[in-house]
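To start, the structure under review is shown below, and the notes come after it.
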Amino acid sequence: MTLNQAAKAKNANYSKSDFIVIGTGIAGLYAALNLSKIGSVTVLTKRHTEDSNTQYAQGGIAVSLDKDDSWELHMKDTIEAGAGLCNSRAVEILVKEGPEQVRNLMKLGTEFDRVGGKLDFTKEGAHSKRRILHAGGDATGKRIRESLTNLIDKHGNIEIKEENFVVDLILKNGSNDRIVGVLVWDNRAKEYEIHQASAVVLASGGCGQVYENTTNPDVATCDGVAIAYRAGAEITDMEFVQFHPTTLYNPGGLSFLISESVRGEGAILRNSSGKRFMPSYHKLAELAPRDVVARAILNEIAHGDKPYVWIDVTHFDPDYIVHRFPTIFTTLKDRGFDMRKEWIPVVPAAHYMMGGVKTDTFGRTNLENLYACGEVACTGVHGANRLASNSLLEGLVFAHRIYQAIKAKKVRRNYKIDDLVTPSIKPYGVSSLNLESIREKLRKKMMNQAGIKRNEKGLKDLLDWSQKKLELFSDTEYVDENLWELKNMLTIGNLCAKSAILRKESRGAHFRIDHPHPNKEWVHTHIVLTKNKDEEYVLEQ
Ligand code: SIN
């Protein structure tokens with residue numbers, strides 16, 4: 001019997017490549033390009049190549065390339081923003097290796113904005129230097145994605161498979177810690193595929209869609225963390241979700257990010273009485289760390305008479321606004337706001353997940369052959385609060401380190417189909433569960449009970465509710481992408497609630513109303529959850 005016949009017997013097709021990369025943001029594309037030097041790469045994305053958080057990254061990529069800057073200063077800022085919880089070794093790697101990877105990105109075709117021929121650095125919250133490179137004004141992520149996919153398109157060794165939803169990771173038979181492939185639903189061919197590889201790289205992004213109000217595109221449902229958790233991976237720091245302070249106030253409609261670099265260039269935040277308020281909260285005023293600005297905004301809203309605050313750039317040169325922030329200017333104009341002439345109403349929205357699949361400094365997880373990089377991973381560089389624009393850099397640096405680790409490993413094993421654990425393959429079709437209503441309820445509950453401010457009562461209710469909803473999924477007859485996504489989202493809500501209950505203090509982006517201060521006993525403690533052994537507390541080395 002051929003491998004394909006064997007797979008067919010399991011109601012799936014069979015395919016194989018040296019490496020699988022899941023996700024098409026900066027981390028996934030850069031990992032794929034690097035890995036293609038040593039083997040064949042299949043990149044899987046559940047929608048289309050451009051559907052990722054990277055595509056929407058406005059502000060830029062933080063890197064100490066300016067002569068007035070240094071990796072030491074970048075490291076200090078990153079660790080300060082991380083509120084005591086960063087892994088200092090991982091941060092050092094990020095800031096020391098970052099410049100070389102960014103130079104490489106430029107060689108690969110990304111053109112960052114320049115003034116008079118020199119790279120133009122902007123500033124963002126909690127950075128002591130102007131060190132954020134940007135491209136196309138405020139279209140940095142899109143430009144990076146385009147330059148990387150242009151190269152991939154010309155590459156014979158990389159295949160991007162769109163509309164391929166990874167349902168689950170596949171373990172080797174008889175092993176509970178060796179990943180040998182993935183089970184995929186190919187929505188174009190309308191069939192399941194068992195795809196074997198000697199390494200699987202998760203680069204599938206973050207969890208913004210788990211919240212009702214988010215800057216993230218609708219693909220950001222954190223599938224990577226959920227499938228890794230189900231396979232036995234360690235998941236850590238899930239209580240830390242960053243809210244971006246300034247997104248357009250648009251109740252019931254689409255949220256839209258107003259980049260921190262707008263504040264970096266001098267924008268002012270005003271409360272409902274028109275008064276500038278940030279100087280009374282932090283010495284860095286509008287450029288304080290994000291968690292501080294987001295909570296200050298909530299406080300002003302609670303004491304004001306409007307459900308938002310304003311961001312004001314009317315003191316900027318109008319031509320500068322149009323040229324420096326073309327995406328923001330045009331999008332706001334389309335939605336009826338002229339930022340040259342009027343203050344723009346803003347509120348915080350869920351933006352970035354600091355936690356994720358726990359990795360070492362080479363992107364390795366506790367499961368053999370499973371690696372993670374980008375937002376889905378927790379390398380430890382962000383601690384309790386990510387420093388603005390560090391995430392694109394993290395994607396590059398750790399994708400490259402995964403390539404180094406895999407290259408050094410050399411051994412590539414081939415398995416027979418019977419060596420693979422048979423995944424549970426249910427018939428594809430519309431489930432009888434009311435998925436839409438559960439999804440909306442989850443997003444509301446996450447916003448209200450696991451948002452910028454939390455307490456034990458709300459978190460426990462969220463934990464119980466998500467657990468009960470997850471149980472409904474075990475005996476559904478039919479499955480499809482909506483069901484898999486929702487199951488993954490509920491898993492994330494559950495892990496976030498569980499971790500937030502356990503951390504009985506406030507630190508960085510995790511603010512407990514019932515424990516409003518940091519507790520020094522928690523400063524080196526991470527909560528690590530695994531399917532079989534939850535509630536493990538780990539002291540950082
Ligand atoms: C922004 O442009 O404000 C987003 C940058 C980031 O989240 O790092």
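Each residue takes its place number in the sequence, starting with 1.
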Rounded to the nearest 0.5 angstrom, the CD1-OG1 distance for I132 and T140 is 10.0 Å

Is any side-chain heavy atom of I297 closer than 4.5 Å to a side-chain heavy atom of Y308?
-> no

Return yes if a side-chain donor-acceptor contact under 3.5 Å exists between N187 and K190, otherwise no.
-> yes

Taking the six-membered ring for Trp, is the centroid-to-centroid distance between F398 and F362 below 6.0 Å?
-> no

S40 and K16 side chains, donor-acceptor separation under 3.5 Å | no

Within a radius of less than 6.0 Å around NZ of K453, do more than 12 heavy atoms belonging to other residues, nucleotides or ligands occur?
-> yes

Using the side-chain hydrogen bond (donor to acceptor under 3.5 Å, both in side chains) rule, take T379 and K358 through it: C-alpha gap first, then chi angles, then the decisive distance, then the call.
-> CA-CA 6 Å; T379 60; K358 185 172 185 287; over 6 Å; no

Residues N494 and S466: side-chain donor-acceptor under 3.5 angstrom | yes

Name the one of K498, H510, R503, R507 that satisfies side-chain hydrogen bond (donor to acceptor under 3.5 Å, both in side chains) with E239?
-> R503

Salt bridge (charged side-chain N to carboxylate O under 4.0 Å, His left out) with E212: which of R443, K441, K444?
-> K444

How long is the gap from CG on L490 to CD1 on I438, to the nearest 0.5 Å?
-> 7.0 Å

Do F243 and R290 have side-chain heavy atoms sitting under 4.5 Å apart?
-> no

Salt-bridge test for D218 and R47: reply yes if a basic N is under 4.0 Å from a carboxylate O, no otherwise.
-> yes

N366 side chain to G232 main-chain N or O, any donor-acceptor pair under 3.5 Å?
-> yes

Give, for atom CG of L387 and atom CG of L94, the distance between the pair rounded to the nearest 0.5 Å.
-> 9.5 Å

How about I20 and H195: do any of their side-chain heavy atoms sit closer than 4.5 Å?
-> yes

Strictly under 6.0 Å, is that where the ring centroids of F165 and W185 end up?
-> no

P345 versus F337: any side-chain heavy-atom pair under 4.5 Å?
-> yes

Electrostatic pair K142-E146, nearest N-O below 4.0 angstrom | yes

Is there a donor in the side chain of E124 and an acceptor in the side chain of S389, or the other way round, less than 3.5 Å apart?
-> yes

Kindly assign one of parallel, tilted or perpendicular to the pair H400 and Y30, based on the angle between their ring planes and the thresholds 30° and 60°.
-> tilted

Give the table of side-chain donor-acceptor pairs shorter than 3.5 Å for residues 346-357, with sequence neighbours excluded, one pair per line with atom names and distance.
unit_1: H351; atom_1: ND1; unit_2: T215; atom_2: OG1; d: 2.7
unit_1: Y352; atom_1: OH; unit_2: H382; atom_2: NE2; d: 3.1
unit_1: Y352; atom_1: OH; unit_2: E394; atom_2: OE1; d: 3.4

Under 3.5 Å: donor-acceptor pair, side chain of N488, backbone of A226 = no

Heavy-atom closest contact (G23 atom, V43 atom, distance) | O-CG1, 3.6 Å

Honestly, is K426 close enough over Y478, meaning NZ or CZ under 6.0 Å from the six-membered ring centre and within 45° of the axis?
-> no

Can R263 and E260 be counted as an ion pair, charged N to O under 4.0 angstrom?
-> yes

Are E436 and R439 close enough for a salt bridge, meaning some N to O gap below 4.0 Å?
-> no

Using distance alone, with no hydrogens and no angle criterion, decide if D138 and T327 have a side-chain donor and acceptor under 3.5 Å apart.
-> yes

Between Q449 and D461, does any side-chain donor sit less than 3.5 Å from a side-chain acceptor?
-> yes

NZ of K37: more than 12 outside heavy atoms within 6.0 angstrom?
-> yes

Determine whether the side chains of D51 and T45 contain a donor N or O and an acceptor N or O closer than 3.5 Å.
-> no

How about N216 and Q209: does a side-chain donor come under 3.5 Å of a side-chain acceptor?
-> no

Could you grab the distance from atom CD1 of I227 to atom CG of D168, nearest 0.5 Å is fine?
-> 7.0 Å

Do H134 and S261 have side-chain N/O donor and acceptor atoms under 3.5 Å apart?
-> no

Are side-chain heavy atoms of L202 and L370 found at a separation under 4.5 Å?
-> yes

Separation between NZ (K333) and OG1 (T330), nearest 0.5 Å, reads 9.5 Å

To the nearest 0.5 Å, atom CG of N164 lies from atom CD of E193 at 6.5 Å

Would you say the side chains of E162 and T49 form a donor-acceptor pair under 3.5 Å?
-> yes

Closest heavy-atom contact between G25 and T54?
-> CA-OG1, 3.4 Å

Is it true that the side chains of R145 and S52 contain a donor and an acceptor less than 3.5 Å apart?
-> no

Strictly by modelled atom types, are E50 and Y56 linked by a side-chain donor-acceptor pair under 3.5 Å?
-> no

Indicate whether any N or O donor in one side chain lies under 3.5 Å from an N or O acceptor in the other, for T530 and E234.
-> no

Between G363 and I402 the two heavy atoms that sit nearest each other are CA-CG1, 3.7 Å

